[in-house]
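Beneath this line is the structure, given in structure tokens, with notes to follow.
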Amino acid sequence: MLSIFNTLTREKEKFSSIEPGKVRMYVCGMTVYDYCHLGHARVLVTFDVVARWLRTSGFDVTYVRNITDIDDKIIRRAQENGETVRSLTDRFIAAMHEDCAALGVQSPEHEPRATEFVPQMQSMISRLEARGLAYLAANRDVCFSVRKFDGYGRLSGKSLDDLRAGERVDVASDKQDPLDFVLWKHAREDEPEEVKWPSSWGAGRPGWHIECSAMSSELLGAHFDIHGGGQDLQFPHHENEIAQSEGANGCTFVNYWMHNGFVRVDNEKMSKSLGNFFTIRDVLKRFDAEVLRFFIIRAHYRSPLNYSDTHLEDARNALDRLYTALRNVPAAAVAADFEEPHGRRFAAAMDDDFNTAEAVAVLFDLAGEVNRTRSPALASQLRALGGIVGLLQRDPASYLQSAAGGDECGLSSSEIEARIACRAQAKKARDFGEADRIRAELLAAGIVLEDGAQGTVWRRA
RNA sequence: GGCGCGAUGGCAGAGUGGUUAUGCAGCGGCCUGCAAAGCCGUGUACAUCGGUUCGAUUCCGGUUCGCGCCUCCA
């Protein structure tokens, strides 16, 4: 029985879906004006694991992860680059898909782009207006009237009177209340035509929050099971989504809210504004993508995750151990067995609010068992359980021989095999001096040799 | 200022009212021509001060420190 920590109640709750056997899930995805960084990697992997586990548990999952392709920063960046918004966003969407593929993140059922749902957003804004929750401000922006929505602040645990809008930033004076947020932004003269949509309030473009309300409602219905995203979206973005969706649709919006923790650098949040971020592709130049995925999965999704090269190296060494067990004992591609003791523990861990740290620990216990027993059945189970969280599906020998990005040793595998053959000759002639010399030479090039009963195998250091 | 989260062995990171997390690194041993891999063994870890309890790292309260949200951010 799956339990999920629900941000709304700050408790783990038994999960039960609205429609039996089906789960509808929405996750806030990327604003596409730059490459994805490790914080994005964490959301992508975290909710990929959630979707995978729900499917493994037998649910028919409809997973929607949106793409924000219209926004102040996108417009600014496009102008700086001297390109259209569309060409900028297309480019970074393609880059994001490359990153996802590398990380083994499966495609969601729907990946809606905000610009393709403007009519739905307008209709939602109209309904909010009709219900007296939205107003046209003096500057021609349409704003949501936060004080008119009962329960605003419930998700983030904030009370309206405690929130000090403007404490850190000047507030636009056209709003009736500093906390009101924009639903529809009136068009500015200096903005390109491609970001202006006609509307009954005049030409303009949607505010950020409305897209998620409109797209989730369009693709999943007014009331769905799980809504996820990074912790930083809890307030105000998700709070505003609730206000808009429940305000417009008049029913409960979401049953379970999930928020993943931040990636940190030097104990500080990794973020664009702080400038302390590493892009996924930067990291993949030096580390295998599966190592990065393993690094993320190894911690619980709600805990902070500190990034450093040392920690990635640690993760790589750990993942090597798993693959080494699979290299040494043949594993068949079978389905996971949840009756077998490790399978039971693994499932129990995943059912406990997606405790991947515990599930990974089971993988290591199983690897030890595989090494001791040399049991192909257990090795197959290891491969199958790993597969559930998107790990351990590659050929073990080639994983262990692969060098990520810049760590190339400069020797081709045929050159390495040739050196191994020379060494075998030397060993046969009991010329251990020469054999050791070859081994040392390869080690200097980052290649480790392992002599076994069936000959010598190699792997990267 | 308001609200919230956290503090676990050298490092990373789960978890639990009383009994081994797990991984990396280290040390000793087995195996090996020697190694590597693997196996076996090995560390009085639970910020601090009180309280509850037969017993607390685990529950409650205070303190200290760290982090986050209150502004765009995954």
Side-chain angles (χ1 to χ4, degrees), chain A residues 7 10 27-31 36-47 65 68 71-73 153 156-159 161-171 179 208 228-237 239 259-264 267-274 277 294-295 298-300 302-306 308 310-322 324-325 327-329 345 349 352 355-368 370-372 374 400 427 430-433 435-436 439-440 443 448-453 456-459 461:
Chain A
T7 308
R10 280 161 199 79
V27 171
C28 290
M30 255 45 74
T31 300
C36 293
H37 59 65
L38 291 180
H40 300 123
R42 193 173 193 191
V43 196
L44 291 167
V45 170
T46 294
F47 289 99
R65 192 186 60 219
T68 300
D71 143 276
D72 288 352
K73 288 192 198 121
S156 50
K158 297 178 188 302
S159 82
D161 297 322
D162 289 341
L163 286 163
R164 296 195 186 179
E167 170 135 309
R168 289 154 65 188
V169 149
D170 286 339
V171 176
L179 289 164
W208 174 40
Q231 223 163 41
D232 43 3
L233 298 186
Q234 194 178 321
F235 187 91
H237 182 57
E239 200 71 71
H259 292 95
N260 65 273
F262 297 131
V263 176
R264 296 183 184 176
N267 223 29
E268 233 182 7
K269 177 186 171 183
M270 179 181 291
S271 77
K272 293 200 177 166
S273 14
L274 289 171
F277 64 91
F294 175 81
F295 170 69
R298 198 189 195 198
H300 187 87
R302 284 191 280 112
S303 306
L305 182 60
N306 246 313
S308 76
T310 309
H311 295 157
L312 264 280
E313 280 159 20
D314 183 282
R316 183 188 57 206
N317 292 341
L319 185 59
D320 282 358
R321 175 172 161 81
L322 258 24
T324 301
R327 185 196 60 184
N328 295 342
V329 181
R345 283 177 57 205
D352 182 15
N355 190 341
T356 51
E358 179 66 29
V360 164
V362 174
L363 259 27
F364 281 99
D365 286 343
L366 185 50
V370 167
N371 288 330
R372 277 187 290 275
R374 321 291 291 183
L400 290 167
K427 277 179 68 175
R430 304 198 66 77
D431 183 355
F432 295 119
D436 291 351
R439 187 170 62 199
L443 184 61
V448 177
L449 299 187
E450 297 180 16
D451 293 336
T456 300
V457 295
W458 66 273
R459 62 180 168 85

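Naming convention: chains lettered A, B, ... in sequence-line order (proteins, then strands); numbering from 1 in each chain.
Residues passing the side chain to side chain contact (heavy atoms under 4.5 Å, CB included) test with D72(A), sequence neighbours excluded: K185(A), R205(A). Applying the ring-ring contact (aromatic ring centres under 6.0 Å, His included) criterion to H259(A), with sequence neighbours excluded, gives H238(A). Residues meeting the side chain to side chain contact (heavy atoms under 4.5 Å, CB included) test with R321(A), sequence neighbours left out: F364(A), N371(A). Checked against ring-ring contact (aromatic ring centres under 6.0 Å, His included), H37(A) has the following partners two or more places apart in sequence or in another chain: H40(A), F277(A). Scored by the salt bridge (Lys or Arg N to Asp or Glu O under 4.0 Å) test, D71(A) finds no partners at all (sequence neighbours excluded). Remark: W458(A) engages no residue in a ring-ring contact (aromatic ring centres under 6.0 Å, His included) (not counting sequence neighbours). By the side chain to side chain contact (heavy atoms under 4.5 Å, CB included) test, A435(A) is found to be paired with R423(A), A426(A), K427(A), residues two or more places apart in sequence or in another chain being considered. Residues passing the salt bridge (Lys or Arg N to Asp or Glu O under 4.0 Å) test with E450(A) are R327(A), R459(A), sequence neighbours excluded. In terms of the ring-ring contact (aromatic ring centres under 6.0 Å, His included) criterion, F235(A) has no residue partners (sequence neighbours excluded).
Heavy atoms of H37(A) sit under 4.0 angstrom from at least one base atom. Using a 4.0 Å heavy-atom cutoff across all strands shown, Q231(A) reaches no nucleic acid atom at all. N260(A) comes within 4.0 angstrom of a base, heavy atoms only. Residue-level contact check: T324(A) touches the backbone only, with heavy atoms under 4.0 Å from sugar-phosphate atoms and none from bases. Across all strands, N328(A) comes closer than 4.0 Å only to sugar-phosphate atoms, never to a base (heavy-atom distances). Among the atoms of the strands shown, none is found under 4.0 Å from any heavy atom of S159(A). Across all strands, R372(A) comes closer than 4.0 Å only to sugar-phosphate atoms, never to a base (heavy-atom distances).
For K272(A) against C72(B), a side-chain-to-base donor-acceptor contact under 3.5 Å is absent.
The CG atom of L363(A) sits 16 Å away from the P atom of A14(B) (whole-angstrom rounding). In this entry the distance linking NE2 of H40(A) with P of A74(B) reads 4 Å, nearest Å. Taking atom NE2 on H237(A) and atom P on C69(B), their separation rounds to 16 Å, with Å as the unit. Spacing between atom CZ of F235(A) and atom C1' of C72(B) amounts to 13 Å, rounded to whole angstrom units. Atom-to-atom, CD of E239(A) to C1' of C70(B) comes out at 12 Å; the value is rounded to the nearest Å. Between L179(A) atom CG and C72(B) atom P there is a gap of 11 Å when expressed in whole angstrom units. Rounded to whole angstrom, the span from the CE atom of M270(A) across to the P atom of C67(B) amounts to 16 Å. Look at NE2 on H259(A): it is 13 Å from P on C70(B), rounded to the nearest Å.
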Are any protein N/O atoms closer than 3.5 Å to N/O atoms in nucleotides 64-66 of chain B? If there are, list each pair with its distance.
| from | atom 1 | to | atom 2 | distance (Å) |
| --- | --- | --- | --- | --- |
| G66(B) | O2' | N267(A) | ND2 | 2.9 |

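Look at the C1' atom in both A45(B) and U22(B): the space between them is 14 Å, to the nearest Å. C59(B) and G2(B) have their P atoms separated by 26 Å, with the value rounded to a whole Å. With C1' as the reference atom, G15(B) and A56(B) are 14 Å apart, rounded to whole Å. C67(B) and G61(B) have their C1' atoms separated by 23 Å, given to the nearest Å. Here the separation of C3(B) from G13(B), taken at their P atoms, is 29 Å to the nearest Å. Rounded to whole Å, the separation between the P atoms of U16(B) and A21(B) comes to 14 Å.
Taking both residues in full, the closest heavy atoms of A349(A) and E358(A) are given as CB-CG, 3.5 Å, listed atom of the first, atom of the second, then distance. Nearest heavy-atom pair across L233(A) and C28(A) is CD1-CB, 3.5 Å.
Each of G368(A) and S156(A) was matched to the nucleotide of RNA chain B holding its nearest heavy atom; the match closer to the 5' end belongs to S156(A). Nearest-nucleotide positions on RNA chain B for R10(A) and N371(A) put R10(A) closer to the 5' end.
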Q.
So if I define the base as every atom that isn't primed, P, OP1 or OP2, how would nucleotides 21-36 of chain B read as a B/S/- string at a heavy-atom cutoff under 4.0 Å?
A. BSBB--------BBBB
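The phosphate of C69(B) has OP1 or OP2 within less than 4.0 Å of a side-chain N or O from K269(A). Side-chain N/O atoms of S303(A) include one lying less than 4.0 angstrom from OP1 or OP2 on A14(B).
Side-chain contact check for H311(A) and S308(A): at least one donor-acceptor pair (N or O, by modelled atom type) lies under 3.5 Å.
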(Q) Let me check I have this right: for RNA chain B, each base becomes ., (, ), [, ] or |, based on Watson-Crick or G-U pairs with both distances under 3.5 Å. What is the full string? (A) (((((((..(((.....[...))).(((((.......)))))....(((((..]....))))))))))))....
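Minimum atom distance to the side chain of H300(A) is reached by A14(B), of the listed G13(B), A14(B), C73(B).
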Q. Would L44(A) and M30(A) count as a side chain to side chain contact (heavy atoms under 4.5 Å, CB included) if you check the C-alpha gap in whole Å, the side-chain angles of each, and the deciding distance to 0.1 Å?
A. CA-CA 10 Å; L44(A) 291 167; M30(A) 255 45 74; 3.7 Å; yes
